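The block underneath contains the structure these notes are about, expressed in structure tokens.
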Amino acid sequence: VQLQASGGGLVQPGGSLRLSCAASGYTLENYAIGWFRQFPTNEREGVSCINLSDGSTHLGDSEKHRITISWDNSENTLHLQMDSLRPEDTAVYYCAAGSFGSFITGCYLTPGWYDHWGQGTQVTVSS
């Protein structure tokens, strides 16, 4: 599975960004796919994920009401819509896919469960 993330950039506080992650090389119907971010402090945090096996989604607690995750099956692409961005959202955002999707119900942001990682895309929120 190859994952190609895009859509990062510099945005002002309160602005929006839409990240995309194009997946190729394998059918992901039994996978979970999601977004993680790594802060300048090197701390890593799960943002959101979707289990393509059952369609369930999960959002990290700090992201509710500001983030929408979606999967475009026709384009094999994961999207992350982020609104009301704050300076503390500044991080490198990574997409990742895990083959655990068909073995469990729901989606989980446990980094070690994800087998495949894309390169990151930088998001900087600053005025």
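What you see is a predicted model; the values in this text were computed from it and never measured.
- Taking the side chain as every heavy atom from C-beta outward, Leu80 and Leu78 never approach each other to under 4.5 Å.
- Note that CG of Asn30 and CG of Asn51 are 9.0 Å apart. Values are rounded to the nearest 0.5 Å.
- Using a 4.5 Å heavy-atom cutoff, the side chains of Val1 and Leu28 are in contact.
- Residue pairs meeting the ring pair (Phe, Tyr, Trp, His ring centres under 6.0 Å) criterion with at least one member in residues 106-127, sequence neighbours excluded, are Phe36-Tyr114, Phe36-Trp117, Phe100-Trp113, Phe100-Tyr114, Tyr108-Trp113.
- Other residues, nucleotides and ligands place no more than 12 heavy atoms under 6.0 Å from the CZ atom of Phe103.
- Closest approach of Gly25 to Gln2, counting heavy atoms only: CA-OE1, 3.6 Å.
- Looking at every heavy atom in both residues, Leu17 comes nearest to Gly7 through CD2-O, 3.7 Å.
- Side chains of Gln122 and Thr90 form a contact here, defined as non-hydrogen atoms less than 4.5 Å apart.
- Of all heavy-atom pairs spanning Gln38 and Ala91, the tightest one is O-CB, 3.2 Å.
- Note that the CE atom of Met82 and the CZ atom of Arg18 stand 12.0 Å from one another [nearest 0.5 Å].
- No continuous path of hydrophobic side-chain contacts links Tyr94 to Tyr31 [ILVMFWY only; heavy atoms under 4.5 Å].
- Closest approach of Pro13 and Ser126 over heavy atoms only: CD-C, 3.6 Å.
- Counting only heavy atoms from C-beta outward, the side chains of His79 and Ser20 approach each other to under 4.5 Å.
- Taking the side chain as every heavy atom from C-beta outward, Val123 and Leu19 approach each other to under 4.5 Å.
- Under the 4.5 Å side-chain criterion, counting only non-hydrogen atoms from C-beta, Leu3 is in contact with Ile33.
- For the disulfide bond (SG atoms under 2.5 Å apart) condition, the pairs that include at least one residue of residues 81-111, sequence neighbours left out, are Cys21-Cys95, Cys49-Cys107.
- Taking Ser16 as the reference, Asp83 meet the side-chain hydrogen bond (donor to acceptor under 3.5 Å, both in side chains) condition, with sequence neighbours excluded.
- Under the 4.5 Å side-chain heavy-atom criterion for Ile, Leu, Val, Met, Phe, Trp and Tyr, Val125 and Val47 are members of the same hydrophobic cluster.
- Hydrophobic clustering of Ile, Leu, Val, Met, Phe, Trp and Tyr side chains at less than 4.5 Å, counting indirect connections, keeps Leu109 apart from Trp35.
- Once rounded to the nearest 0.5 Å, the distance linking CD1 of Ile50 with CG of Leu59 reads 10.5 Å.
- Here the side chains of Asn76 and Trp71 are in contact, with some heavy-atom distance below 4.5 Å.
- Between the side chain of Gln119 and the backbone N or O of Ala5 there is at least one donor-acceptor pair closer than 3.5 Å.
- Note that CD of Gln12 and CG of Leu85 are 11.5 Å apart. Values are rounded to the nearest 0.5 Å.
- Between Arg37 and Tyr93, the shortest heavy-atom contact is NH1-OH, 2.9 Å.
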